[in-house]
Student: 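Following this message is one structure expressed as structure tokens.
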Amino acid sequence: MRRAEHYASPMLHPRPFYYLENFCMALAWLRQRCGDLLNETEHAFIARFHELPRESAALLVRMIGRKGDLFRASKLGYSEIGCPSDAAAALIELGWVDREPPAQADWWPDPSDVIYRLMIRPLCDRLRLVFFGNFRQDWSQFVLADLGIFKYEKVPCDPATRAFHTREHIDTFHALFLCSQQLEESDDIEGLLRMLPPPVADNEWLEDRRRKLQFRIAQCCERQGDLVLALQIYRECGYAGARLRVVRLLERLERIAEALQLAARIREQPADEVETQQVCRMWPRLQRKAGLIPQRSRPPHGWSTFKLVLPLDQRPACLEQATAQALSQAEAPVHYVENGLINSLFGLLCWEAIFAPIAGAFFHEFQAAPADLHAPAFHGRRAAQFAQCFAQLESDGYRDTIRRNFEQKTGIQSRFVFWNVISEALLRSALDCLPREHLAACFGRILANIRSNACGLPDLVQFWPAQRRYRLIEVKGPGDRLQDNQIRWLSFCVAHGIPVSVCQVSW
DNA sequence: TCATTCTTCG
DNA sequence: TTCACACTTTCGC
DNA sequence: GAAAGTGTGTCTCGAAGAATGAGT
Ligand SMILES: [Mn+2]
Ligand SMILES: [Mn+2]
């Protein structure tokens, strides 16, 4: 690493200030597309930044790219910048960087060493949020994409599109983020509720995030044992799972009649499969508590179960992998793919639909999915494109599309395609063994509710290429039980004639 | 002192 | 930083 | 059996330098 004693060494890098160039590109993007969203401080920052000497600007960007806010001068040696204290002078002048008091420096063995503190981290984080639309990505995306480490689909996008449309939305997102961080470390429900922003009328995905956070606050309240307050929060909360929590809390509060009444309403008009599944589990219990005769028990599940005993000596780190090996046969190999296979097939077949240049869906060049992926209108906005993809399943057309996209899009980030799981051979086996009716059924289920149906698929897939046959296998070790989303997929498979079984592994 | 983990860079 | 999954514990019948 | 709670890996690469910390 280039450290202080080396900063005078020759610059070998072809673009020694690449990170500064990238940061400037981002600032230009922000000024052009989001100028109306930025406040005075942010505008002033951008204006002043461009007036800085190059070395000072570069040092600031280096600091922004690093972790924490405190830096020893001796650790800020960059060959392209040169002397850090020279470069820091202009930054200190602006108040963006501060020299830490010497008392702090006493800790360090070298008293001549200076400590700098970056003062504008919150401002930089806000700019990062406005650019990316999330806090997950950072400026290193630029260089990683340049180097081809991350590849992203090139989607033509309207220069008017951006992550946020109003300043209020930016501030709300930030407030939600802070509140959710607070939830991690604090149990003060009153305080958390005060931090929670009010409902967002004009932004669906922000309102979704708000509701989910409200739900999590209620869960926290429930854990603390304040059932009455939790009930009140759940009742106010529009989050998908909140109705069921209301039933559960009424039950725990021994208000059985009310619980039964709401449960009956949910049974009549379930919002989704999850509600149906959970309310069916609560129903007999509530009836019993109400003194009613429990209705007939649930019909038995339709999937088969078999046992497998692994030798005690080979007790590997990964149970699924070991099971795959044990079940594998020369003519019938087993692969540990979990959600990776079906989702990848879906993502490859529907690539054009997923990355269709719909207005507002793509705004920067580092997206692995459209911004509205989880919006209820996602499918509707691309109905024609998806219909075209699904139509290919009526003939053999889908095979070429999947294989072609596997070749042409290799490595390009997509929310659906697990490049580390699939291979050409796996794809060939899958296309040979999975009938198109099964693919159509699974893809339809994923598209119907991406958030809840893109996961929960069985651990293993076994192919019999010679017989053009396959089966899915969910592995369960001792003490591991089927989860709700796994049960829903198993039931779905049974209903559509997709061969699936559960393998109970022991030693 | 060595091994492990964290951080940085591109 | 988020989420899906496994693994563990507790409860009530 | 059902429910709730906890833990873990992984979103994101690999190479290489620094820091950490347990053990001597
Ligand atoms: Mn699994
Ligand atoms: Mn499993």
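Residue numbers begin at 1 in each chain, while the letters A, B, ... track the order of the sequences. What you are looking at is a predicted structure, and each value in this text was computed from that prediction instead of being measured.
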Student: On DNA chain D, does the nearest nucleotide to A:D138 precede the nearest nucleotide to A:Q278 from the 5' side, or the other way round? Give the residue.
Tutor: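 Looking at DNA chain D, the more 5' nearest nucleotide goes with A:Q278.
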Student: Using whole Å, report how far CE of A:M282 lies from P of D:dG1.
Tutor: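 Interatomic distance, CE of A:M282 to P of D:dG1: 18 Å.
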Student: Measuring only the P atom in each nucleotide, how far is B:dC6 from C:dT1? A whole number of Å is fine.
Tutor: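 One P to the other, the span is 16 Å.
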Student: Pick the C1' atom in D:dT12 and in B:dT8, then give their distance to the nearest Å.
Tutor: 15 Å
Student: Would you say D:dA4 has OP1 or OP2 under 4.0 Å from some side-chain N or O of A:R248?
Tutor: yes
Student: Side chains of A:E153 and A:W351: do they bring a donor and an acceptor to under 3.5 Å?
Tutor: yes
Student: Mapping A:R288 and A:L457 onto DNA chain C by nearest heavy atom, which one lands closer to the 5' end?
Tutor: A:L457
Student: Could you tell me whether the phosphate oxygens of C:dC13, OP1 or OP2, come under 4.0 Å of any side-chain nitrogen or oxygen in A:K289?
Tutor: no
Student: OP1 or OP2 of B:dT8 less than 4.0 angstrom from a side-chain nitrogen or oxygen of A:R66, does that happen here?
Tutor: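 Indeed, a polar side-chain atom of A:R66 lies that close.
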Student: Ignoring backbone atoms, test whether A:N420 places a side-chain nitrogen or oxygen under 4.0 Å from the OP1 or OP2 oxygen of D:dT10.
Tutor: no
Student: Could you tell me whether A:F366 and A:F142 have their ring centroids closer than 6.0 angstrom?
Tutor: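 Yes: the rings meet the under 6.0 Å criterion.
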Student: Between C:dC13 and D:dA4, how far is it from one P atom to the other, in whole Å?
Tutor: 15 Å
Student: Considering Watson-Crick and G-U wobble pairs with both distances under 3.5 Å, what does C:dA6 pair with?
Tutor: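 For C:dA6, the partner nucleotide comes out as D:dT6, under the 3.5 Å rule.
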Student: Between A:Q413 and D:dT12, is there a side-chain N or O to OP1/OP2 distance below 4.0 Å?
Tutor: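 For A:Q413, the contact criterion (side-chain N or O under 4.0 Å from OP1 or OP2 of D:dT12) is met.
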Student: Do any side-chain nitrogens or oxygens of A:Q483 fall under 4.0 Å of OP1 or OP2 in C:dA6?
Tutor: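 For A:Q483, the contact criterion (side-chain N or O under 4.0 Å from OP1 or OP2 of C:dA6) is met.
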Student: So what does A:N22 hit on the nucleic acid, given a heavy-atom distance under 4.0 Å: a base, only sugar-phosphate, or nothing?
Tutor: nothing
Student: Tell me the partner of C:dG12, counting only Watson-Crick (N1-N3 plus N6-O4 or O6-N4) or G-U wobble (N1-O2 and O6-N3) with both under 3.5 Å; none if nothing fits.
Tutor: none
Student: Between A:F150 and A:R245, which residue's closest nucleotide on DNA chain D lies nearer the 5′ terminus?
Tutor: A:R245
Student: To the nearest angstrom, how far is A:I487 atom CD1 from C:dC5 atom P?
Tutor: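 Answer to the nearest Å: 13 Å.
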Student: Determine: side-chain N/O of A:Q181 to OP1/OP2 of C:dT1, distance under 4.0 Å, yes or no.
Tutor: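 Yes, because at least one side-chain N or O of A:Q181 sits under 4.0 Å from OP1 or OP2 of C:dT1.
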Student: Under 30°, 30 to 60°, or over 60°: which ring-plane class applies to A:H301 and A:W303, parallel, tilted or perpendicular?
Tutor: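 Correct class here is parallel.
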Student: Please tell me if A:Y18 has a side-chain N or O lying less than 4.0 Å from either OP1 or OP2 of B:dG10.
Tutor: yes
Student: Strictly below 4.0 Å: does A:R223 bring a side-chain N or O up to OP1 or OP2 of D:dT6?
Tutor: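 Looking at the OP1 and OP2 atoms of D:dT6, neither is under 4.0 Å from any side-chain N or O of A:R223.
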Student: Would you say a side-chain N or O of A:K212 is under 4.0 Å from OP1 or OP2 of C:dC3?
Tutor: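 For C:dC3, OP1/OP2 do have a side-chain N/O of A:K212 under 4.0 Å.
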Student: Would you call the rings of A:F164 and A:F173 parallel, tilted or perpendicular, taking 30° and 60° as the class edges?
Tutor: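 Plane angle over 60°, so perpendicular.
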Student: So with a 6.0 Å cut-off around CD of A:E184, is the heavy-atom count from everything else above 12?
Tutor: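 Yes, because the 6.0 Å sphere around CD of A:E184 holds more than 12 heavy atoms from other groups.
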Student: Name the residue closer to the 5' end of DNA chain C, choosing between A:K67 and A:E320 according to the nucleotide with the nearest heavy atom.
Tutor: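 In this pair, the answer is A:K67.
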Student: D:dC11, OP1 or OP2 - any side-chain N/O from A:Q137 closer than 4.0 Å?
Tutor: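 Negative; the distance criterion is not met.
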Student: Around atom CD of A:Q224, are there more than 12 heavy atoms of other residues, nucleotides or ligands at under 6.0 Å?
Tutor: yes
